[in-house]
Amino acid sequence: MDNTTPDSLAPSSVPPAYHIRTFGCQMNVHDSERMAGILAEAGYLPTDDPEQASLIIVNTCTVRDKADQKALSDLGRLRVLKKEGGEKILAVTGCMAEREQERLHRIMPEIDLVAGPAQVRNLLPMIDRLRAEKRFQLGRDFDLPEMTTPPAVRPPGVTALLTVQEGCDKACSYCVVPRTRGPERSRPIESIVSEARSLVEQGYREVTLLGQNVNGYGKGAPRGEGFADLLRALDHVDGLLRIRFTTSHPSDLDLSTIDAMARSSKVMPHLHLPVQSGSNRMLAAMERGYTLEEYREKIRHLRAAIPEVALTTDLIVGFCDESEEDFRQTLDAVAEFRFDGAFCFIYSPRPGTPAYGREGIPDRAVSLDRFRRLDELLARMVLEKNRGRIGMAEEILVERVDLESRFFSGRTPHFRTVRSRLLEGETPPSPGEIVRVRIDSCTKAGLSGARV
Ligand code: SAH
Ligand code: SF4
Ligand code: F3S
């Protein structure tokens, strides 16, 4: 900027820029979209370059120790961008922010602002206070009368994330999430439906409904609506082609939800239902609130109602006192339920959780070995399942079209990724269209083919 610039165009009128880095689950990704929405309304512009940003936000996860380490090393790199006396703000949000609070500022005094997930809505007032008071700001509380929903800025595309429920009333003994996300709160159905409508107007065709425990949706709702009612209401949104949701809890998944899934043409035939372990002894120690038999019963209902349903899960190995026999039961359960995919984790003890300090955690080498065996079994099963799709015509919601490399890609109703070659003379589809693709090959990562 040269020194002839009139005052009104001096640096203060340059729109401030923000830079957000996101770790963790889809809920966190969506929280970042909400923060982007709040900042856009306040006149901020996004930037990919943290050096150019006057506000840097690190939106953190703390579910396992590795997540903490990732966020801390990122913060370690970013803190050096702060110049003494400079105006740049370094903010930490998300689940690690909720858990660590002042401690973050103590270990890295460059951090100006720490705000847990429920404080997303207070971002601007906190920034104002920081500027006025010139001292560290800490935001926390879950005592919201109802979940607030700032306008989100999402990346353009076909699929959108939509939070319907937040928080968790369960108390799995290994898990920090109830402490970081607070008790369960749900958004009213009307507010979700109206956001879904506006997403369709913006060109989105698929929504993924988010909640720590979506089946707990509506708990305590004045008219007693539950998750099945929400699914039925969204089924009527014109122009919305596909509905997905995550995460479900085996104890709270009810028959009315299964029924609503089965009857809806928009709710996709895919359920992510974390089982965590195949051993009842481990499930009890994890305080999951169900037995393997009860999980099996839910799956029986699900497959009776939706025969071809895809089932994915989460699994933890190396939990306290897990024996080779417990682990074998997990392998047996995986083989029995024929999962279409799974996220596997090695148990990470989290301070402040009920299981923290319990003895009997297997040696790291043992846990790594179990993790590898589980991963191998799953990879084999997924490849086998994908092979079973060869020769079939799959309906793909087109997400990406690449004219240069001559392919388009998207997902099947069962959430398998498909890459389809563009044939000689074929008119490329548009993102958001549903097209039929004949599958002719696969890997464990996905399917390939060409348009029927
Ligand atoms: N609300 C969701 C997500 C919880 S975190 C749910 O209940 O499914 C996602 C997954 O991380 C969990 O399902 C569990 O498999 C895993 N996880 C949670 N805490 C963990 C820990 N301390 N160590 C290892 N894995 C953990
Ligand atoms: Fe964590 Fe269990 Fe709640 Fe999932 S259900 S968020 S694993 S406490
Ligand atoms: Fe991580 Fe919080 Fe999600 S701990 S997994 S960002 S709910």
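Throughout, residue positions are numbered sequentially from 1 according to the sequence presented. All ligand and atom numbering here is 1-based and tracks the order in the structure.
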- Do you see a donor-acceptor pair shorter than 3.5 Å between the side chains of E184 and Y217? no
- Counting each atom of ligand 2 from 1 as listed, which ones have a heavy atom of H249 under 4.0 Å away? 5 (S)
- Message: Measuring from non-hydrogen atoms of R288 to any atom of ligand 2, is the shortest distance under 4.0 Å?
- Response: yes
- Note on the structure: With Y347 as partner, the option from F327, Y356, F319 fulfilling ring-ring contact (aromatic ring centres under 6.0 Å, His included) is F319
- Message: Taking a cutoff of less than 4.0 Å between a non-hydrogen atom of the residue and any ligand atom, is P274 in contact with ligand 1?
- Response: yes
- Query: Regarding R21 and H19, is there a side-chain donor-to-acceptor distance under 3.5 Å anywhere?
  - Reply: yes
- Determine, using ring centers only, whether H272 and F245 are less than 6.0 Å apart. no
- Report yes or no: is the cationic atom of R411 (NZ for Lys, CZ for Arg) closer than 6.0 Å to the six-membered ring centre of F415, at no more than 45° off its axis? yes
- Is any N, O or S atom of C95 under 2.8 Å away from atom 2 (Fe) of ligand 3? yes
- Message: Within the 4.5 Å heavy-atom criterion, are E33 and V29 side-chain neighbours or not?
- Response: yes
- Message: Using modelled atom types and a 3.5 Å cut-off, is there a donor and acceptor pairing between side-chain atoms of D363 and backbone atoms of A365?
- Response: no
- Item | Any side-chain donor near an acceptor of the partner, S191 and R187, under 3.5 Å | yes
- Query: Should the proximity of M96 to ligand 3, defined as any heavy atom under 4.0 Å, be assigned to the side chain, the backbone, both, or neither?
  - Reply: neither
- Does T246 come within less than 4.0 Å of ligand 1, judged by its heavy atoms? no
- Task: Check the side chains of D326 and S323 for a donor-acceptor pair under 3.5 angstrom, ignoring hydrogens and angles.
- Result: yes
- Message: Could you tell me, atom by atom, which parts of ligand 2 come under 4.0 Å of a heavy atom of V177?
- Response: 6 (S)
- Report yes or no: does N213 contribute a side-chain atom to a donor-acceptor pair with the main-chain N or O of C168 at less than 3.5 Å? no
- Query: Counting heavy atoms not belonging to K70, are there more than 12 under 6.0 Å from its NZ?
  - Reply: no
- Query: Going by the order shown, which atoms of ligand 2 are within less than 4.0 Å of some heavy atom of K170?
  - Reply: 3 (Fe), 5 (S)
- Item | ligand 1 atoms in contact with Y347 (distance to a heavy atom under 4.0 Å) | 23 (N), 24 (C)
- Item | Atom indices of ligand 1 within 4.0 angstrom of R350 heavy atoms, with elements | 22 (N)
- Which ligand 2 atoms does C168 reach within 4.0 Å, using its non-hydrogen atoms? 3 (Fe), 5 (S), 6 (S), 8 (S)
- Query: Taking both backbone and side-chain atoms of Y174, is any N or O found less than 3.5 Å from an N or O belonging to ligand 1?
  - Reply: yes
- So, Q119 versus N122: side-chain donor-acceptor pair below 3.5 Å or not? yes
- Message: When you measure from the side chain of R303 to the backbone of K298, do you find a donor-acceptor pair of N or O atoms at a distance under 3.5 Å?
- Response: no
- Message: Among all protein heavy atoms in this structure, tell me which lies nearest to atom 1 (Fe) of ligand 3, with the distance rounded to 0.1 Å.
- Response: C61 SG, 2.3 Å
- protein heavy-atom neighbour closest to atom 16 (C) of ligand 1 works out as R64 NH1, 3.2 Å
- Message: With a 4.0 Å cut-off on heavy atoms, is Q26 in contact with ligand 3?
- Response: no
- Message: I need the nearest protein heavy-atom contact for atom 5 (S) of ligand 1: residue, atom name and distance, please.
- Response: V63 CG2, 3.8 Å
- Are T62 and D68 close enough, and set up right, to give a side chain to side chain donor-acceptor pair (under 3.5 Å), and what steps lead you there? CA-CA 5 Å; T62 188; D68 279 357; 2.6 Å; yes
- Query: Do C95 and V177 have side-chain heavy atoms sitting under 4.5 Å apart?
  - Reply: no
- Item | M27 heavy atom under 4.0 Å from ligand 3 | no
- Task: Indicate whether the side chain of S32 and that of N59 have a donor and an acceptor atom separated by less than 3.5 Å.
- Result: yes
- Message: With heavy-atom distances below 4.0 Å as the criterion, list the atoms of ligand 3 near Q212.
- Response: 7 (S)
- Message: Once you restrict to heavy atoms under 4.0 Å, what part of V63 touches ligand 3? Side chain, backbone, both or neither.
- Response: both
- Task: Below 4.0 angstrom from a heavy atom of C172, which ligand 2 atoms are there? Numbered from 1 as shown, please.
- Result: 2 (Fe), 5 (S), 7 (S), 8 (S)
- N/O separation below 3.5 Å, Q212 to ligand 1: yes
- Shortest non-hydrogen pair, A17 vs T47, comes out as CB-CG2, 3.7 Å
- Note on the structure: Atoms of ligand 2 under 4.0 Å from any heavy atom of C175, numbered from 1 in the order shown, are 1 (Fe), 6 (S), 7 (S), 8 (S)
- Message: Please determine whether C25 has a backbone or side-chain N, O or S atom lying under 2.8 Å from atom 1 (Fe) of ligand 3.
- Response: no
- Note on the structure: re atom 22 (N) of ligand 1, the protein heavy-atom contact at minimum distance is S348 O, 2.8 Å
- Query: Any side-chain heavy-atom pair from I258 and L253 closer than 4.5 angstrom?
  - Reply: yes
- Task: Classify the contact between I346 and ligand 1 as side chain, backbone, both or neither, using a heavy-atom distance cut-off of under 4.0 Å.
- Result: backbone
- Query: Which residue owns the protein heavy atom closest to atom 6 (C) of ligand 1, what's the atom, and how far is it?
  - Reply: T247 CG2, 3.7 Å
- Query: In the protein, which heavy atom is nearest to atom 7 (S) of ligand 2, and how far is it?
  - Reply: Y174 OH, 3.4 Å
- Query: Considering only heavy atoms, which of Q276, R288, R181, K170 lies nearest to atom 14 (C) of ligand 1?
  - Reply: Q276
- Among non-hydrogen protein atoms, atom 4 (C) of ligand 1 lies closest to V177 CG2, 4.5 Å
- Look at atom 13 (O) of ligand 1 and say which protein heavy atom is nearest, naming residue and atom and giving the distance to 0.1 Å. D314 OD2, 2.6 Å
- So the atoms of ligand 2 within less than 4.0 Å of a heavy atom of P178 turn out to be 8 (S)
